[in-house]
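Scroll down for the structure; my scribbles are underneath it.
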Amino acid sequence: MNDLDLVIGGGNVVTAADSYAADIGIKDGRIVQIGQGLTGVERIDASGLLVLPGGIDAHVHLDQPTSDGTVMADDFASGTRSAAAGGNTTVLPFALQIKGQSLRACVEDYRRKAAGNCHTDVAFHLIVSDPTPQVLGQELPALVRDGYTSFKVFMTYDDLVLNDAQLLDVFEVARRERALVMVHAEGHDAIKHLTRRLEAEGQTAPYYHAEAHAQIAEREATHRAISHAQLIDVPIVIVHVSGREPMEQIQWARARGLKVFAETCPQYIVLTAEDLRGLNMDFDGAKYVCSPPPRDVDSQVAIWQGLRDGTFDIFSSDHCPFRFEGEASKDNPRARTSFRWVPNGIPGVETRLPILFSEGVSKGRISLQRFVALTSTNPARLYGLYPQKGSIAIGADADLTLWDPTLTRPIRQADLNHACDYTPYEEMQITGWPVRTILRGRTIAVEGYVRPDAGGRELSRAASEIYSRGT
Ligand code: URP
Ligand code: ZN
Ligand code: ZN
């Protein structure tokens, strides 16, 4: 008698620890057997392919309102469609609190936007922009207990920045409630100062965004966030680390035994500030405006070293898509007057895994195990989804990505599923692409084609594993 619903047969199974040839047996959306010669009602032949835990993109922005009226290109449907095509089975978007808004009401808004529209599973981080006594004393603790076990704070952006006292208050709540704080570490006053100076000198093209968001300002804020976390004795994640200088602060903290975790993103390994020049300092550079901005080749080298040596725990996209053309886009009339008004953020949820695989694994810079750790297992562990997600093991959700390590083709906007009108990685040659994405035993994407019905669920999360590691 055959009681497996599905067998993924003949592939090379890769986890964060090892790789081996095996069949995977799936029943009711879970992995129930790993072995040789398995048979089931259905069989997918994975010969010649890698079988990876589904990608987990722990940093994406979907359907977020902006204060200046620009519109995020992706909603939950298009953003998760794009994620699925790119080999992801879970994404972690943000529920962004607008100042004055109840955090609970904000979460319910985002849950409504996501419900029934997601092609991958989703789990929300919170963004705390208004840490009132009500938020700190009641809403945030209650939300953490309801499974929203991580939240992001900003050290810059007029409408999001928290001052040092507020950061310390939020860190206190995180420590008490065993939540994980993600920190956007860029020094607000330094950026404002540099922006004013550049504008006074007439340096307003998108390129100058990279000068205004200087690496020194990122380094300073990274150290400040670490110091605050040390004072409170709370773990933090420094997100979207762009270069050598903030990395050195993270290494400084780790050398002292502090629980400081780090994330980096595709833009910091394959783009540089030079891309913001566009064609001869024109507005095309706006396509690459994100914060922190891409740096230089020296920082790329440092980041690769950090991806190898464990300075970085996770590799996320920071998918934050704005259309380049049209109304409410990057190319809006105000943005033409100064880089300060160009919406910050670039798309990347569909290209994150191919870029890291191609530049990392195919070019021999990182191992397959490290690739899986950075893109699936570690995000699951850090954000309270493990072992349901992020592993290929008995009992885990059957979230799998079949990967062709030899398939070579360029990234092309025309092939992508996001609702953005460009990719910053146009024509980048990639070796290694996802060919099938399987969510809880059900194929959701094949070679860029995503099945139309949206079967993703919202996940509730446990506390981050770092609270139970005891180190
Ligand atoms: O430029 C970026 N990264 N925009 C997204 C918001 C953020 O800070 O992550
Ligand atoms: Zn950020
Ligand atoms: Zn972000």
Side-chain angles (χ1 to χ4, degrees), residues 57-68 70-74 79 83 91-98 110 124-129 150-162 167 170 180-188 191 195 206 208-210 212-215 217-218 221-222 224-225 236-243 246 261-269 271 273 275-276 285-295 314-324 329-330 335 339-349 351-352 379 383 418 420 422 424:
D57 195 336
H59 187 152
V60 306
H61 302 268
L62 300 175
D63 211 347
Q64 276 181 206
T66 59
S67 53
D68 64 359
T70 46
V71 176
M72 198 158 269
D74 280 314
V91 301
L92 283 84
F94 294 88
L96 183 152
Q97 180 199 26
I98 294 165
Y110 278 89
F124 287 102
H125 305 292
L126 313 176
I127 289 177
V128 181
S129 69
S150 52
F151 33 86
K152 184 175 177 190
V153 291
F154 285 78
M155 297 173 76
T156 188
Y157 292 135
D158 286 335
D159 46 353
L160 296 172
V161 60
L162 302 190
L167 287 172
V170 173
L180 189 54
V181 189
M182 309 159 76
V183 184
H184 179 128
E186 288 189 289
H188 191 51
I191 291 169
T195 299
Y208 294 102
H209 169 84
H213 287 246
Q215 194 170 175
E218 186 181 350
T222 302
R224 186 153 40 100
I236 56 170
V237 187
I238 306 291
V239 294
H240 45 49
V241 174
S242 73
F261 300 86
E263 171 200 79
T264 192
C265 314
Q267 48 270 37
Y268 308 121
I269 56 172
L271 301 178
D275 290 297
L276 277 78
K287 288 179 179 169
Y288 306 89
V289 166
C290 58
S291 291
R295 304 293 182 191
I314 60 175
F315 186 83
S316 312
S317 66
D318 193 6
H319 179 77
C320 186
F322 296 96
R323 290 177 60 83
F324 180 65
S329 67
K330 288 223 177 211
F339 62 85
R340 142 191 340 233
W341 305 115
V342 177
N344 285 201
I346 59 177
V349 72
T351 47
R352 169 186 77 124
Y383 293 120
H418 62 191
C420 205
Y422 77 98

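Note that this is a predicted model, so its numbers are computed, not measured. Counting starts at 1 for both ligands and their atoms, following the listed order. Along the sequence shown, residues are numbered consecutively beginning with 1.
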Distance filter under 4.0 Å to [X] heavy atoms, resulting ligand 1 atoms:
| X | answer |
| --- | --- |
| H59 | 9 (O) |
| H184 | 7 (C), 8 (O) |
| H240 | 7 (C), 8 (O), 9 (O) |
| D318 | 2 (C), 3 (N), 5 (C), 9 (O) |
| C290 | 1 (O) |
| G345 | 1 (O), 2 (C), 4 (N) |

**Asked** Which bit of C320 gets closer than 4.0 Å to ligand 1, counting heavy atoms only: side chain, backbone, both or neither?
**Response**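 Side chain only; the backbone of C320 stays clear of ligand 1.
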**Prompt:** Given that the side chain starts at C-beta and the backbone is N, CA, C, O, which of these parts of K152 lies under 4.0 Å from ligand 1, counting heavy atoms, or is it both or neither?
**Reply:**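 Answer for K152: side chain.
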Between [X] and [Y], a side-chain donor and acceptor under 3.5 Å:
| X | Y | answer |
| --- | --- | --- |
| D318 | H61 | yes |
| D74 | H319 | yes |
| S291 | H209 | yes |

**Message:** I'd like to know: is the Zn ion (ligand 2) within the 2.8 Å range of an N/O/S atom from K152, strictly under that distance?
**Reply:**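 Yes, K152 qualifies, because one of its backbone or side-chain N, O or S atoms lies under 2.8 Å.
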**Item:** H125/Y383 aromatic ring centres below 6.0 Å
**Value:**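 Yes.
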**Request:** Calculate the angle formed at the Zn ion (ligand 3) by NE2 in H61 and OD1 in D318; 10° precision is enough.
**Result:**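 Nearest ten degrees: 100°.
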**Prompt:** Of all the atoms in H184, is at least one N, O or S atom closer to the Zn ion (ligand 3) than 2.8 Å?
**Reply:**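 No, since none of the N, O or S atoms of H184 sits under 2.8 Å from the Zn ion (ligand 3).
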**Message:** Under 2.8 Å from the Zn ion (ligand 3), is there any N, O or S atom belonging to H59?
**Reply:**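 True for H59.
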**Asked** Of L160, I127, V128, which is the lone residue that meets side-chain contact (heavy atoms from CB on, under 4.5 Å) with Q97?
**Response**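 So the option named by the test is V128.
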**Request:** Just say parallel, tilted or perpendicular for the rings of H240 and H184, cut-offs at 30° and 60°.
**Result:**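 Correct class here is perpendicular.
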**Request:** Check Q215 against R295 and note the closest heavy-atom contact, atom names and distance.
**Result:**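 Result for this residue pair: N-NH1, 3.3 Å.
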**Message:** Ignoring hydrogens, what is the shortest heavy-atom contact between E186 and I191? Give both atom names and the distance.
**Reply:**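 That would be CB-CD1, 3.7 Å.
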**Item:** atom 4 (N) of ligand 1: the protein heavy-atom neighbour that sits closest, reported with distance to 0.1 Å
**Value:**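 Here the nearest protein heavy atom works out to N344 O, 3.2 Å.
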**Asked** What residue and heavy atom of the protein are closest to atom 1 (O) of ligand 1, and at what distance?
**Response**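 Protein heavy atom with the smallest distance to atom 1 (O) of ligand 1: S291 N, 2.7 Å.
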**Item:** Distance under 6.0 Å and angle within 45° of ring axis: K330 vs F322
**Value:**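 So K330 doesn't make the cation-pi contact.
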